[in-house]
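Note that the coordinates shown come from a computational prediction; the quantities given were computed from them, not determined experimentally. First the proteins, then the strands, lettered A, B, ... as listed; each starts at 1.
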There are 2 protein chains.
Amino acid sequence: MSSRPVSIKDVADRAGVAVGTVSNVLNHPARVSTATRERVQAAIDGLGFVRNDAARQLRAGQSRTIGLVVLDVGNPFFSSLARAAEDCAAENGSTVVLGDSGQDAEREARYIDVFEQQRVQGMLISPVGDVGPRVEALRQRGMPVVLVDRVDPQRRCSSVSVDDVAGGYIAVRHLLEAGRRRIAFVGTRADYRQVADRLAGARQAIAEHDGAVLEVLEADAMTVLAGRDVGETIARRRHEELPDGIFCANDLLAIGVMQAVLLIRGLRIPEDLALIGYDDIDFSASTVVPLTSVRKPTELMGRTAVELLLEEIEGPTARRRQVIFDPELVERRSSQARVHAPG
Amino acid sequence: MSSRPVSIKDVADRAGVAVGTVSNVLNHPARVSTATRERVQAAIDGLGFVRNDAARQLRAGQSRTIGLVVLDVGNPFFSSLARAAEDCAAENGSTVVLGDSGQDAEREARYIDVFEQQRVQGMLISPVGDVGPRVEALRQRGMPVVLVDRVDPQRRCSSVSVDDVAGGYIAVRHLLEAGRRRIAFVGTRADYRQVADRLAGARQAIAEHDGAVLEVLEADAMTVLAGRDVGETIARRRHEELPDGIFCANDLLAIGVMQAVLLIRGLRIPEDLALIGYDDIDFSASTVVPLTSVRKPTELMGRTAVELLLEEIEGPTARRRQVIFDPELVERRSSQARVHAPG
DNA sequence: CCGTGCTTTTGAATCGTTTCATTAGCACGT
DNA sequence: ACGTGCTAATGAAACGATTCAAAAGCACGG
């Protein structure tokens with residue numbers, strides 16, 4: 001039933017000093033004599049004083065907070081990126097607060113507004129749609145912004161993203177190195193830019209390798225069920241028409257394909273068919289045959305995003321940089337090379 | 001290159017009015033004549049004015065923000081709960097900001113501190129360990145707190161949680177209703193309170209049913225791999241020693257068991273063996289045989305948590321309430337009743 | 001022309017903190 | 001006794017929004 005929050009004034013009164021002294025204890029302890037410092041500290045503890053951040057940052061003109069707006073906190077990519085960003089920010093004395101737009105432009109806008117009103121130091125945004133104008137407005141008002149998982153077409157602000165063409169290339173080259181030649185790509189109709197990029201990378205790897213062929217199979221969605229459907233059509237083929245390596249545009253599809261070919265046709269993975277997914281979701285290590293996959297360097301991306309932001313906060317004139325990471329291959333059993341020559 | 005942020009004073013100057021008028025346009029538009037309002041609005045738009053939340057809430061003494069500290073944003077339970085909380089808060093004019101403690105008491109403490117300094121309206125906390133003292137301190141300073149997924153042993157603050165005993169009961173009763181009698185429970189050694197509760201519920205359901213027997217199988221961890229190990233030992237049993245219904249303490253274990261019994265022994269699910277998991281993770285709808293599971297009412301919990309908090313914010317004397325939800329059964333194929341009498 | 005009752009606008013005071021120019025206090029040398 | 005050179009402590013000003021008592025503006029009847 002405390003009447004109202006304890007202020008620095010109350011602390012000063014209780015300790016018998018001026019408010020400036022209390023402030024110095026908090027912010028410049030060295031300027032205060034030991035005796036005074038201890039007396040003030042005792043008053044702080046006794047009263048349960050908690051700094052008022054609003055007043056603090058009103059005076060300072062800036063906060064120690066970074067706003068992070070993600071598309072979906074439920075997505076492991078974003079949650080793990082957020083974790084890394086938090087760690088990196090903490091090392092630099094800042095705190096990350098998270099806003100989940102849930103792929104909804106309106107919610108995204110609301111979080112951006114709230115963060116701007118809170119005068120965060122800067123924002124990391126993985127934008128829903130075209131945030132060009134919005135980000136431009138932020139920048140004009142001097143708010144540092146770094147885009148996550150998306151490059152800024154106009155190079156107005158820094159960004160961290162992943163090269164999905166490289167990812168597709170790595171995946172298929174891996175299949176080729178494991179001795180596979182008849183490769184199938186499973187993905188949705190390439191309206192997604194990401195899927196299109198992965199396919200482009202796959203084509204590139206095929207083109208560099210004599211005697212390798214690529215066939216493209218279309219799935220209805222990026223889900224296990226859709227993958228199972230595609231897997232069933234594959235499983236029903238005659239032996240000589242079977243691919244010997246399949247690259248799926250994400251892990252869910254790959255898991256569906258695996259379920260179908262194992263259970264319907266009893267094909268052996270990787271002996272008869274090598275399989276590789278994309279995203280390296282948690283579950284991929286636990287499938288019946290552990291699934292090889294391609295992974296974004298999530299932690300690195302989170303840390304880099306914060307670093308780029310801090311760079312810009314400290315030197316607003318710093319050059320904007322588009323950092324593009326290559327994904328990495330996570331090799332598991334589903335794509336192991338044949339030990340014997342193919343039967 | 002704007003020199004420094006635009007304040008309400010700048011807007012007032014540009015519009016040729018007093019600061020109080022600008023404030024009224026923002027907060028009490030009805031008090032201002034249409035002509036003035038439009039002139040001020042034009043100045044706001046022209047200058048790109050953004051309210052300074054720090055000044056605002058310094059004056060108001062309170063923010064419109066709710067702090068939510070979760071154990072792990074990567075966990076679908078928490079991300080979906082957070083989503084619901086955000087929606088509910090938005091309907092009430094508040095915004096939820098998220099802090100991820102990552103099961104780390106230190107990070108948890110940091111977020112609680114930051115939120116308190118920010119003078120959030122209140123906090124929703126899913127505590128790492130014993131936050132008793134900490135929460136007590138918060139409460140004494142008048143900060144409303146609602147615990148999530150944990151009851152307060154001392155009934156000092158409201159909470160939302162789930163009755164895991166009821167969950168275990170529902171699961172096993174469902175197996176019994178589907179005609180199963182030889183039930184196995186798969187879980188880790190019951191040091192986890194949650195696992196122990198689920199087992200207790202299972203025992204209760206068995207006790208109510210004549211002729212039903214329960215055997216407890218211990219897994220090394222709550223993972224797919226551990227489940228597969230248990231599944232393998234089951235699959236190697238003689239026919240007359242096989243259980244006809246298995247309740248796993250979570251979905252990961254159940255998926256592991258499913259993989260083992262399908263592939264090693266070729267048992268049919270649900271004909272030979274009914275299987276039920278717990279948590280209803282996304283993946284459970286996509287297993288080879290879709291997995292029946294028990295689900296926490298996540299959205300409801302998120303909304304209720306916010307409602308309890310708002311209740312307490314509006315009436316600090318409101319009675320604290322411990323709201324305990326019953327989980328719900330999600331029926332899928334893995335536990336369907338036998339159509340024919342058992343062979 | 002003045003008083004009355006209304007709406008609209010004004011601007012000083014306020015919130016809690018930090019900053020910084022100023023003052024106080026003290027030791028020491030002359 | 002007095003100036004010098006320290007360190008330590010002081011307290012008013014400032015940050016930007018909101019509030020609210022007071023003033024201004026206006027219409028209208030007497």
Side-chain angles (χ1 to χ4, degrees), chain A residues 2-41 43-44 47-65 113-114 116-120 141-142, chain B residues 2-41 43-44 47-65 113-114 116-120 141-142:
Chain A
S2 57
S3 49
R4 50 100 186 263
V6 180
S7 81
I8 210 173
K9 180 73 168 42
D10 303 321
V11 175
D13 289 349
R14 151 95 88 126
V17 298
V19 290
T21 305
V22 178
S23 175
N24 278 333
V25 170
L26 294 170
N27 303 298
H28 309 280
R31 290 190 196 159
V32 181
S33 72
T34 313
T36 311
R37 198 188 316 140
E38 279 166 0
R39 206 145 34 86
V40 170
Q41 192 58 54
I44 288 175
L47 293 170
F49 166 74
V50 176
R51 256 193 179 87
N52 184 327
D53 205 49
R56 185 178 165 70
Q57 95 179 36
L58 170 60
R59 181 65 236 252
Q62 227 211 22
S63 69
R64 299 296 302 170
T65 299
D113 285 347
V114 168
E116 193 182 7
Q117 289 178 16
Q118 290 183 350
R119 299 289 192 273
V120 294
R141 291 182 222 120
Chain B
S2 56
S3 48
R4 52 101 185 263
V6 180
S7 83
I8 209 174
K9 180 72 167 42
D10 302 321
V11 174
D13 289 349
R14 153 94 88 125
V17 298
V19 290
T21 304
V22 178
S23 175
N24 279 333
V25 170
L26 295 170
N27 303 297
H28 309 280
R31 289 190 197 159
V32 181
S33 71
T34 312
T36 311
R37 199 187 317 140
E38 279 166 1
R39 205 144 35 88
V40 170
Q41 193 57 54
I44 289 175
L47 293 170
F49 166 74
V50 175
R51 255 197 184 83
N52 184 328
D53 204 48
R56 183 179 167 70
Q57 94 179 41
L58 170 59
R59 180 67 235 256
Q62 229 211 21
S63 69
R64 300 296 302 170
T65 299
D113 285 347
V114 168
E116 194 183 6
Q117 290 178 16
Q118 291 183 351
R119 298 290 192 272
V120 295
R141 290 181 222 122

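- Within the 4.0 angstrom heavy-atom criterion, only backbone atoms of the sugar-phosphate kind lie near A:Ser33; the bases stay farther away.
- Of the side-chain N and O atoms in B:Asn27, one or more sit less than 4.0 angstrom from OP1 or OP2 of D:dT18.
- Taking only side-chain nitrogens and oxygens, B:His28 comes nearer than 4.0 Å to OP1 or OP2 of D:dT19.
- Rounding to the nearest 0.5 Å places CZ of A:Arg39 at 12.0 Å from OG1 of A:Thr34.
- Checking D:dA17, D:dT10, D:dA9 against the side-chain heavy atoms of A:Ala18 singles out D:dT10 as nearest.
- Rounded to an integer number of Å, the gap from A:Gln62 CD to D:dG16 P is 13 Å.
- Summarising the geometry, atom OG1 belonging to A:Thr21 is positioned 12.5 Å from atom CZ belonging to A:Arg37; distances are rounded to the nearest 0.5 Å.
- In this entry the distance linking CG of A:Leu58 with P of D:dA13 reads 17 Å, nearest Å.
- Among the heavy atoms of the strands, none lies under 4.0 Å from B:Gly61.
- Per the geometry, NZ belonging to B:Lys9 stands 11 Å off P belonging to D:dG16, to the nearest Å.
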Notebook entry, point to check: Please walk me through it: do B:Val22 and B:Val17 pass side chain to side chain contact (heavy atoms under 4.5 Å, CB included)?
Noted result: CA-CA 7 Å; B:Val22 178; B:Val17 298; 3.9 Å; yes
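- Formation of a donor-acceptor pair under 3.5 Å by the A:Ser63 side chain with backbone atoms of A:Gln57 is not found in this model.
- Rounding to whole angstrom units, CD1 of residue B:Ile8 and P of D:dA14 are separated by 19 Å.
- Under the 4.5 Å side-chain criterion, counting only non-hydrogen atoms from C-beta, B:Arg56 is in contact with B:Asn27.
- Comment: A:Arg141 engages A:Glu116 in a salt bridge, judged by a side-chain N to carboxylate O separation of less than 4.0 angstrom.
- Rounding to the nearest 0.5 Å gives a distance of 4.5 Å between CG of B:Asn52 and CZ of A:Arg119.
- Counting to the nearest Å, the C1' atom of D:dA21 and the CZ atom of B:Arg31 are 12 Å from each other.
- Between D:dA9 and A:Thr21, no contact under 4.0 Å exists linking OP1 or OP2 to a side-chain N or O.
- The rotation axes computed at either terminus of the helix from C:dC1-D:dG30 to C:dT30-D:dA1 lie 80° apart, taking five pairs at each end and rounding to 10 degrees.
- At the heavy-atom level, A:Val17 lies under 4.0 Å from the strands shown only through sugar-phosphate atoms.
- Residue contacts shown for A:Ser7 are limited to sugar-phosphate atoms, with no base heavy atom under 4.0 Å away.
- Atoms OG1 and CG, from B:Thr36 and B:Asn24 in turn, are 10.5 Å apart once rounded to the nearest 0.5 Å.
- Nearer to the 5' terminus of DNA chain C, by closest-nucleotide assignment, is the contact made by B:Gly20 (compared with the other of B:Gly20 and B:Ala60).
- If you take CD on A:Gln118 and CD on B:Gln118, they are separated by 6.0 Å, rounding to the nearest 0.5 Å.
- Distances were taken from every side-chain heavy atom of A:Thr36 (C-beta onward) to each of D:dA8, D:dT18, D:dG16; the shortest belongs to D:dA8.
- The phosphate of D:dA14 has neither OP1 nor OP2 within less than 4.0 Å of any side-chain N or O from A:Arg59.
- Nucleotides of DNA chain C lying under 4.0 Å from heavy atoms of chain B occupy a range whose first and last members, 5' to 3', are C:dT8 to C:dG16.
- Residue A:Arg119 places none of its side-chain N or O atoms closer than 4.0 Å to OP1 or OP2 of D:dC15.
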Under 3.5 Å, sequence neighbours excluded: what are the donor-acceptor pairs made by side chains of residues 5-16 of chain A?
residue, atom, partner, partner atom, Å
A:Ser7, OG, A:Lys9, N, 3.1
A:Lys9, NZ, A:Asp13, OD2, 3.3
A:Asp10, OD2, A:Ser7, N, 2.8

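- For A:Val19, whose side chain is taken as the heavy atoms from C-beta onward, the closest listed nucleotide among D:dG11, D:dT10, D:dG16 is D:dG11.
- In this structure, B:Arg64 places its CZ atom 19 Å from P of D:dA17, rounding to the nearest Å.
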